[in-house]
2 protein chains.
Amino acid sequence: MTEENSLRRYKKDDDGVLWISNYVAKARSKTEYKVQRLLHHEHSPFQEISIVDTKGFGRMLVLDGTPQISTGEGFIYNEMISHIPIVTHPDPKKVAMIGGGDCGPAREAMKYAGIEQIDVVEIDQRVTEVCRTLLTPSSFYDNDPRFQMIHEDGLNWIQKNKGNYDVLIIDRSDPVGPAAKLFKPDFYQYVYDCLTNEGVAVFQSGSPFYNTSTLQKTVHNLKELFPIVRTYLVTIPLFPCGIWSFTLASKKWDPLQADLTKLLDQEAQYINPEIFLSSFVLPNYVKKMIETK
Amino acid sequence: MTEENSLRRYKKDDDGVLWISNYVAKARSKTEYKVQRLLHHEHSPFQEISIVDTKGFGRMLVLDGTPQISTGEGFIYNEMISHIPIVTHPDPKKVAMIGGGDCGPAREAMKYAGIEQIDVVEIDQRVTEVCRTLLTPSSFYDNDPRFQMIHEDGLNWIQKNKGNYDVLIIDRSDPVGPAAKLFKPDFYQYVYDCLTNEGVAVFQSGSPFYNTSTLQKTVHNLKELFPIVRTYLVTIPLFPCGIWSFTLASKKWDPLQADLTKLLDQEAQYINPEIFLSSFVLPNYVKKMIETK
């Protein structure tokens, strides 16, 4: 067996072409991506990390065989997980992200001049180093003194930081592997405690099509703590079935009342004021799914 | 080779489990669905037709190896291609659909009491017969005298029907195989001529992520003819990359000015007045894509 073949969820077809093969048990479906070139692969202390070039999606970060982000459509995920909570808060100064070691959401946060501190808490230092070398230019971070990278377990980190942050972005991956602890009920209390009295948090909350329990539990847990909880939907072409949810939780500020003129200053590929608002509009089946839990 | 293995885009894995394997050349990706049971397969004069049961998506219609619709999420496609043009027109009496022999959009149209005639023009009689037996109960059609099934080439049919229809739904499949002729420039003129002076048409116009030229050409061709052309987006979990476009073309009525109270009477799983409007909100990259052509 070659080293390439030992990578999780990669396979070679009969012509010797390498593919990523992402099986989603709940949807009983696989999404497979033809690899042009495997640029990097390693086993970090936390997970298997690989970077590939593909013709359909551009360059892609893959963790434990699951595609995380690509240069072809990563702007959608990065913009939608960051601009929405940042714009919901009228004057955010301190922002932290748990996960997202590729720093895609952090780059979006940097576009807001009023933000004074951006902390990225990524458990796996190797993810950051690999992404800085191969996925995104490091100049973004090195030249912005507001940016700080913290390589620590997000669950440990958040318990030490009480009442400090205006915006928290929980860019957790699926509830398996290193991110599983970021889906437990206690974690939502720590997020609440880490925010100021006017703080806003956002959580990656799974696909409403095949992963309904993740969305339901996230909304349920957040409603126990926060007065304002709103789920919004985004289509991420790289993710299985496309349709994906984020859930925003806020102590005071309602995203539907936010000052959206702040968005107009940004050079965004995806988000605009109308997209901001319409992402909170839910189809009947998703409304029902959230209400029943 | 067994008969099952001779089906296009089906394959058996090492455990003898059957999968549908849908390769999308433009995205260099495959979506594969684990089949619980192959219920039917045949070669009609036009294409290969199969029906399978899957655990992730329910029962599925597959044409030439490409999944078309499933019982698990077909309500999204069926509602979004039909309710939007029907509600855009203030008083539609005559509605026709080209394609959609499974009659999913037709069932949605039947919910509007004001509609007096619903013609479904499906080139392949076998698609209709297989779907009536295995996908959807035939009672829907047999008990509604407004409904008429016409087995004819859509391009032939539309050239004979001038100025007759209030709403036309062009439920065409991909621009390959029997549907290819429904993407040629002439076809849009025939659609225009088939509508009344106040008519509304809607077209399946491809994925804005990997099939940009289909969307761009559709919008370009329609803008040459119709004063009002609006693209809307829907996420279809069964379709590769999820994100999909429909383009509405109208001689007089603007969907953004439609009377959406009509929607409230419907028992819909997906659409509601807010979804109707928000589906027309486009991300910056899609706006730019449409403008540049």
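All values reported here derive from a predicted model rather than from experimental measurement. Below, chain A is the first sequence line, B the second, and so on; all start at residue 1.
Contact annotation for A:Phe239: neither backbone nor side-chain heavy atoms come within less than 4.5 Å of a heavy atom of chain B. With a threshold of 4.5 angstrom between heavy atoms, A:Ile271 approaches chain B through N, CA, C or O but not through any side-chain atom. Only the backbone of A:Leu282 comes within less than 4.5 Å of a heavy atom of chain B; no side-chain atom from C-beta onward does. For B:Thr54, no part sits under 4.5 Å from any heavy atom of chain A, backbone or side chain.
Qualifying ring-ring contact (aromatic ring centres under 6.0 Å, His included) partners for A:Tyr270, counting only residues two or more places apart in sequence or in other chains: none.
To the nearest 0.5 Å, the span separating OG1 on B:Thr235 from CD1 on A:Ile236 amounts to 9.5 Å. Atom-to-atom distance recorded for A:Leu238:CG and B:Phe209:CZ is 8.0 Å, nearest 0.5 angstrom. Taken to the nearest 0.5 Å, the OG atom of A:Ser29 stands 11.5 Å off from the CG atom of B:Asn22.
Side-chain contact between A:Asn272 and B:Lys287: present, with at least one pair of heavy atoms (C-beta onward) separated by less than 4.5 Å. At a threshold of 4.5 Å between non-hydrogen side-chain atoms, the residues A:Arg28 and B:Tyr33 do not count as touching.
The shortest heavy-atom contact between A:Ile243 and B:Pro237 is CG2-CG, 4.5 Å.
Annotation: maximal heavy-atom pairing with chain A below 4.5 Å, among B:Val286, B:Val281, B:Asn284, B:Ile76, occurs at B:Asn284. In terms of non-hydrogen atom pairs under 4.5 Å with chain A, the most contact-rich of B:Ala27, B:Gly242, B:Pro240, B:Ser207 is B:Ala27. For the set B:Lys34, B:Glu73, B:Glu79, B:Lys30, the count of heavy-atom pairs under 4.5 angstrom toward chain A peaks at B:Lys30. Ranked by heavy-atom pairs shorter than 4.5 Å toward chain A, the options B:Gln269, B:Lys26, B:Gln36 are led by B:Gln269.
A donor-acceptor pair shorter than 3.5 Å cannot be found between the side chains of B:Ser278 and A:Ser278.
By the 6.0 Å contact criterion, NZ on A:Lys55 is open, its count of non-hydrogen atoms from other residues, nucleotides or ligands being 12 or less.
In this structure, the ring of B:Tyr210 has its center no less than 6.0 angstrom from the ring center of A:Phe57.
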Item to check | Full working for side chain to side chain contact (heavy atoms under 4.5 Å, CB included) between B:Phe280 and A:Glu274 | outcome: CA-CA 10 Å; B:Phe280 287 96; A:Glu274 295 73 32; over 6 Å; no

